[in-house]
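Here is the structure we will look at.
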Amino acid sequence: MKQRIQIISTIVLLLMLLSATAIAQVGKPFIHDPSTLMESDGKYFTFGTGGGGLISTDGWTWYGGGVRPGGGAAPDVVKIGDRYLIAYGATGGGLGGGHNGRILTMWNKTLDPNSPDFKYSEAVVVASSDGVEDNDAIDPGLLLDPTDGRLWLSYGTYFGFIRLVELDPKTGKPIEGNKAINIAIDCEATDLIYRDGWYYLLGTHGTCCDGANSTYNIVVGRSRKVTGPYLDNMGRDMLKGGGKMVLDATDRLIGPGHFGRTVLENGVEKMSCHYEADLDQSGRSVLGIRPLLWKDGWPVAGDLFKEGTYEIESVRRGYALELAVDFVRMPGGMRFNRNSDEPIKPVASQQLADVINTWPAGNIPARIGDYMGRPHQKWTITDAPNDTTGYLGGPYYKIVIAGTERALAATADGEVVTVPKFTGASEQLWRIDQLIDGTYRIMPKLVPNSGKKLALVSIGDSSPTLAEFDFNSDNSKWNFKTH
Amino acid sequence: MKRITITTLLAVLMTQAVIAQVGKPFIHDPSTIVECEGKYYTFGTGGGGLISEDGWTWYGGGVRPGGGAAPDAIKIGNRYLVVYGATGGGGNHKGAILTMWNNTLDPTSPNFKYSEPVVVATSDGYEENDAIDPGLLLDPTTGRLWMSYGTYFGFIRVVELDPKTGKRVAGNKPVDVAATCEASTLVYRDGWYYLLATHGSCCDGANSTYNVVVGRSKKVTGPYLDNVGRDMMEGGGKMVAVTRGGLIGPGHFGHMILEKGVEKMSIHYEADLEQAGRSVLAILPLVWKDGWPVAGEKFKEGTYEIESVRRGYALELAVDMARMAGGMRGFGGQASNEPVKPVAAQELADVSKDWPTGNIAARIGDYMFRPHQKWTITDAPNDTTGYLGGPYYKIVIAGTERSLAATADGEVVTVPTFTGAPEQLWRIDQLTDGTYRIMPKVVPASGKKLALVSSGDSTPTLAEFDFNSDNSKWNFRMP
Amino acid sequence: MNFKRTTLLLAVGFLISTGLLLQGCSATSKGKTNSTSKADTARSIAAYFTPATAKPKTPDAEGFLQRWLLLEPINKPNRTNTVFTDSYIRHAFDTLYFSNQFTILPKDGDKAKVGEQELTWHALDSKNFNVKLFRFAYGLNKPVYGVLFWAVTVVNSPQEMKDVRMAIGSNSASMWWLNGKEAAILSGDRRMVMDDVVSTRLTLNKGKNIIRGAVINGPGMSDFCVRFLDEKGQPVKGLTISYE
Amino acid sequence: MNRKRTLFLPAMALIILLGLQSGVNTALAQPPGQRPSLPPIPITSDTTHTLTRHFVPASAAKKTPDAKGFIQRWLVLEPVKKDIARNSILTDSYLRTTLSADNFSSDYTIIPKNGQTVKVGDQELKWYALDSKTFNVNLYHFTYAIDKPRYGILVWLVTVIDSPEEMKNVRLAAGANSASMWWLNGQEALTIPGDRDMVADNVTSQRLTLKKGKNVIRGAVINGPGMANFCLRFLNEKGAPIKNLTISYR
C-alpha cells in the first residue's frame, strides 16, 4: 500500500478533469446580487444590482432583458397572490460614500416586460438609514410567512446590524408603528426562509466585489421566532457574528453570495446566488443555481451534477441500474481453499470487451440488479451534445453504458429501455436533480406520446419504470456511485 | 500491495486505493471483532481466526475449536462467549449451534481455555430452518442475551440465551423474524432493534452476489421492516453494503462501537480482486443516516480540502494570502459582449516561493481553493502500523512534502519535510454522522489521545474528541 | 452587496459609479437620498461607552472583556482591507508609532504623539460585548477609515490559570499580546465574529495580566471582542478587569 | 454462510468439503485434526411426506388473494428433473432455452386439470391443484411432500385470475427462488434470472391489462441447489396490491 504515491498525481488530474464541467449557468448569466428566482408567464426572472435583470425560458440559459426601474442595488422579489412585490435599495451600500440608505417596494402583475400588464406601481420607502446609525438600509430580503401570512423584510450590511421589519402583504408598505429589530451583525445580502417550525436567516459573510479574491460565503442561523435570536450550529448568536456555512468557494466558482430559495415541489429545492468570479467565464460575476439540501435541519448547498462514469443505485433496495443481459461469469469461482502462502496478486476485473459481444444488437431493457461492478452497470453521463436546453439549474444529460453509445431512453408506454445509439431525441435526454435529502431524481425530458411528467422509479427491487415522482418514497430516489 | 501502471483504466484508478485489510486477512464469515488484552480477534468458518495488534494488519493464529461455520463472539462481563454452527450449511440442513466460554481470546495466555460447548439451537433437516450462522446481541436496555440464526433455507430465528451461562433460556421458543437471508446479527440503537443479514450468493469468488441488508423493529422479536415498509419475513431489506469495485460480495456483518460517534462494521468480501480474488476481512466505518445503518467510506487517498464542520472554513497554511490577478469583474464596467474565456486558477508555483522555509503554523480560513488549502493525503510510506480499519496517513500540502504535525504543546503545525515521525502520522475515522475525526498517532511528550479540533473559527488545535461538538469534526472536499 | 470603500477613494468610487451607469442604469440616485438623520448627529460616544471607574469590573455573562484603554485612531490610510496579509500586519504593528508602545500602561487622558498627531488615551467601559472602535472614533470626531487603534487592558486573575485561550474577533485585522508575548494574529478583510481566532494555550499569571491589542482598518466598520476560554471552550470565570 | 450445494453432486460437495478443511487448516492456522463430530440433533419435525402440512387441496370454494394480495391457489406440476450445479448459470438465455425445451405445452393459455398427467421429455408428470397456507408457495415443501427430487428442478405453474372488470396499468410482481419466468394470457410478462432469493416484489412487470373475466397466469420456477419457492401478486398504478380478484384453477 505504499507504492501508490506515484499515481496520485494522475488521480488528481482525473478528478480535475471530472470537475471541470461544473459550470454555473450558461448564456450570459452575468449578474451581481440576484433576487430570488421567480417564475412569471412561464419564464424565470432575476433582478440584480444597478437595475435590469436576467430572463430564462428554461432556467438554464440566461440572458439580460429584465426590467426593474429605480437603479440602486440588490433587489428581492416575492410573489403575493397574483402579484409580484419587488424590494430594492435605492443606494448602493457605500456606493454613495455613506451609509445613508433607503429601501423601496413596488408591485407588478407580471415580470415579463413584453406583457401588456407589465407596469410597476409607484415605489414606496419601507426602511431607511440615516448614514450615522448602526445600519445601512440596503440588501432587502422578503419572507411571506407561510404559517400566518405576515410579510417580513430583513435588510442591512456589515455596517451595523441586520434589521427586520414587518410589511403589509396587501400594500407592501410598512406596518404602522412597526419598529425594526436587530437580528444579526457582520453580514449582508440576508434572506429569511421558513421551514418545518424554524425561521432561517441566510446572510453573506466575507468580502464582495474583488473578483477571484472575493471571500464571499453564505452562512445561516435559525430561530423558532422570526424575530430571533438566530443561532448557528455552535449555539452562537448571529448578533455576535455566528453563522453556519451553506456555500463557499467551490473549485472555479468563487465567492458565492446573495442567497435565494426556490421550492419546486416537495423534496426538490434550489438555491440561487451569484459567484463573484466564475473562472470559466472570464472571472466575471455570474448567476449560480444549485440544489438546496436539508441536513439535520440545516440548509446546505448541494452539488452541481458532475459528468462522469457512475453506477446508478436505486435507493429502494440499493441495487444498480443495469442492462438486462445475461450475466457473464468472471473466471474462477470460490477461492476459499487457497494456500495462505500463495503469492497475492491482483485479478483483472471484467471489462466491456469481455462481455459486449454477448449483448443483443437492438433495444435492451433496463433492469436493476445486484451490484457487481460490471460493465453492464456502468453508465457514462454527460451534458447532451447538440442540445442547449435545460431546466432550473442544469442541462439535459445523455446516459449511456460506459464505452458505448447505448443510451437510456423513455418509451411511449412509460417504461425505460436502452437504444443501441444515442440520437439526441428528447426521450434520451435526462434531467438530474439532487433532492433535499442528497439523493437524486432522474427524469426524461419527454415521455413519447405523453404529456405526463414522469421520473425514473423502482417499481420492484429489480424493475425500473417511469412513474410520478414521490419524494416520500425511496422508489423515486437514486444515487450516483463511483465505486 | 502491488503497483499499478499509469495506463490502468479510470475505473481501476478510482478504486485501487481502497483495499480491505492488510497482512493475511483471509477469512470467510468473520465473527464480530472483539478486543481482548490489547489485541483484536475474529473467528471464521472452519475454525481458527485472525489476530491483529492494531486492527489494520491481520494474521492467522486465532484458535476456536469445534470447526463448522460462521461463529460470532461477544464479551459479557469479563468473559467471552463464542458461538458457532457445528455444520456448514447446505447438505441436509441439519444443524446445531453451540456456545462456549473463554476468559481470554489470546491462545498464548495461561487463562486460554474454552469451556465445554453446549448446544443452544438445532435444526432437524426437515424444518424450515438451518441452524447455522449465529449472531449475538446483549440487549443494552435489559441485559438479555439474544441469538439470531438461520439461512435462506427457511427462516431466520431469534432465541433467548442466559447471559450468565450461555445456555438457552429454559422453555424459550424460537421466533421467526426473517426469510431468504443468512449470516444475520442483531444490533440495538436508540429505541430500535436492527436485524442485519446477508442476501445473495456466497462462495462464488468474483461472481458472488452477497450483500448486507437491514430491517428494523421496536421489538427484538420483530417484525423487522425495511425502508419501503416490507417485512423481512417477505424478503425485505434495505442495503447496508454492496460490492465496491474490486471488493466483491460483502457479507456477515458485525458491529463495533469504539466510542460515542465512532462505530465500525466488520464483513468479509467474497473476493478482493487486489488480493488474488480471495475472501478477506474488511472493516468499514458505520454511518447512521435517518436511523438506518449504512456502510461508510473507507478513506481514499487523494488531494482534498479539509473543511472544519464548526464554521465550514478550510484548514490551511498560515501564509500571506496571495492575490490572483484582477479584482472586481463584477456588474459594472464590462460590455456584455466581451468574449467569455477561462481564467487560470492560482497554482502552487505562483505562491510557494513566498512561503517561509521553516515550520509554518496551520490555521483555518475562508475557502478559496488556493494551493495553501490543498492537502494530499496518502497512506504513510514506510509505516505499517494502523488502527481499527485503516493505516496511518501522511498529510502534506499538495505538491510539497510540507507535512501536518502535532506539537508537544498540543497544537498543530506544518513541518517542511515529512520524516515519518509518529506526530506526522494521522488516523482518519469516518464518524456515525458521515463527518470525519482526524487524530495524530502521537502527541509528542504526551500520553493523551487528542484529535484535531477547531478551537475557534480560524484556529485549529489538538484537544479531546467530543462527538457532540462540531469543533471535533471535519470533512474532506474534493475540488 | 456592500463595497467597503472609503471617502479617501473618490477616484475608485467614481469608476464604480461610472461602471454602473455604463451598464445602462442609473445606479445610485444619490440626489434622491433624502432620508432624514434619525441618529444623534451631535457626535458623542455616550451611546456606546461609559467612562471606566475604579470600581472592579468583571467580564460579562459570556466572559467578554468590556473595559479598555483605547488610543484615538492613528492615521493609516488603506484603500482596501484585502492588503492585510500576515506580513503586512506584522510589519504595521512592528512599526513604532509612539514611545513605549509595547510596554505602556497608560492612564486615562494620557497623550501619545504619533507623527503630527497628538492622540489621547480613553479609559472606557463598552456598553456592548464588543468594543466598537468605529463608534469610538466617530463619536470623538476622529477619522473612522484608514486607521489603526491601540487597546490595552489589565486582567486580574485570582490564581495562576494554565491552558486558557484568548478568543478574539476583530474588524478588520488585528494583533494581540498577553504580558508582552504575541498571542494571536487576525489577518485579512475580516468581520468581527466572536471566537474567530483563538490563541494557543496560555497561562494567566496570578494577579495582573496586561493585554494589548492593535486593530487596523481601511474602509468599513471597525470593532473587536475578546474573552478568555478554558480548556473546555467555556468562558473563564473569576477574572476582574481594570485599567491600571 | 451457506453454500447452496446439492445432494446429487457428491463430487463437487466433496471438493468443497476438502477445500474447506484444507483451506481452514492452512490459511487460518488451525492445527490439522479430526473434523469434530456433530452433536446429536433431535428430529422434532413431522418427516412424513404429507402435502397437507403446507398446502390444502384446492376446492371449488371461492378464493381471493390474501390480505396483501398474494395469489395462493395454483396448479403445480411435479418437478422436471434438471442437472443444475449452481444457480448462477440461470441467465436469461438459459431460461429461455430450457423453458421452451422442457415444456408441457407451448400454448401458454392452456389450463391443465387437477390430477391430469402430462409428458415433458420422457418424464410423466402430474398436476396438483393446491392452496398454499402461506403468502408464498414453497416448492421445496411441495417436492418433499410428494417425495420427488427437491433440488435440480423445474416446476411449471398455472393459475386463473378472475377479474370483475378490465384493469389497465396493473403490474405482476413476483419473487422467486431461484430463477423464474411468468406469462399472462400467453404473453411473456417477467423474466427473473440468476441465483435469487424469494423477495416480495423483487421483480415487477411492465404495465399490463387484466381482462374482465378469466386471465391465465403461467409460471416456471427453476432451481438447482437450495430452497425453491415463489410469491406473486398484482400491483396497481400506485404500487398497492390488487385484492378484488378471485382465483381458480379452472
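Side chains included, hydrogens not; waters and symmetry mates left out as well; all remaining heavy atoms used. Naming convention: chains lettered A, B, ... in sequence-line order (proteins, then strands); numbering from 1 in each chain.
Heavy-atom pairs under 4.5 Å with chain B peak, among A/Gly243, A/Gly206, A/Ser473, at A/Gly243. Taking B/Ile248, B/Val240, B/Asp290, B/Asn227 one by one and counting their heavy-atom pairs under 4.5 Å with chain A, the maximum is reached by B/Asn227. Ranked by heavy-atom pairs under 4.5 Å with chain B, the first of A/Asp437, A/Thr250, A/Ile254 is A/Thr250. For the set A/Arg316, A/Arg317, A/Met234, the entry with the most heavy-atom pairs within less than 4.5 Å of chain B is A/Arg317. Options B/Gly399, B/Gly237, B/Pro339 differ in how many heavy-atom pairs under 4.5 Å they form with chain A, and the most are formed by B/Gly237. Heavy-atom pairs under 4.5 Å with chain B were tallied for A/Val219, A/Asn475, A/Thr215, A/Val315; the largest tally goes to A/Thr215.
Note: A/Tyr216 and A/His274 have tilted aromatic rings, judged against thresholds of 30 and 60 degrees for the angle between ring planes.
Heavy atoms of A/Met372 lying under 4.5 Å from chain B belong to its backbone as well as its side chain. In this structure, the portion of B/Asp433 lying under 4.5 Å from any heavy atom of chain A is its backbone and not its side chain. Heavy atoms of A/Ala320 lying under 4.5 Å from chain B are absent altogether. Contacts between B/Ala398 and chain A at a heavy-atom distance below 4.5 Å are absent for every atom of the residue.
Using a cutoff of 4.0 Å between basic side-chain nitrogens and carboxylate oxygens, B/Lys394 and B/Glu401 are scored as salt-bridged. Under a 4.0 Å N-O distance rule, the pair B/Arg230/A/Asp461 qualifies as a salt bridge.
To the nearest 0.5 Å, the span separating CD on A/Gln377 from CD on A/Glu311 amounts to 6.0 Å. The CZ atom of A/Phe30 lies 11.0 Å from the CG atom of A/Leu287; values are rounded to the nearest 0.5 Å. A distance of 8.5 Å separates CE in A/Met245 from NE2 in A/His205, rounded to the nearest 0.5 Å.
A/Glu313 pairs by the side-chain hydrogen bond (donor to acceptor under 3.5 Å, both in side chains) definition with A/Asn479, A/Lys481, not counting sequence neighbours.
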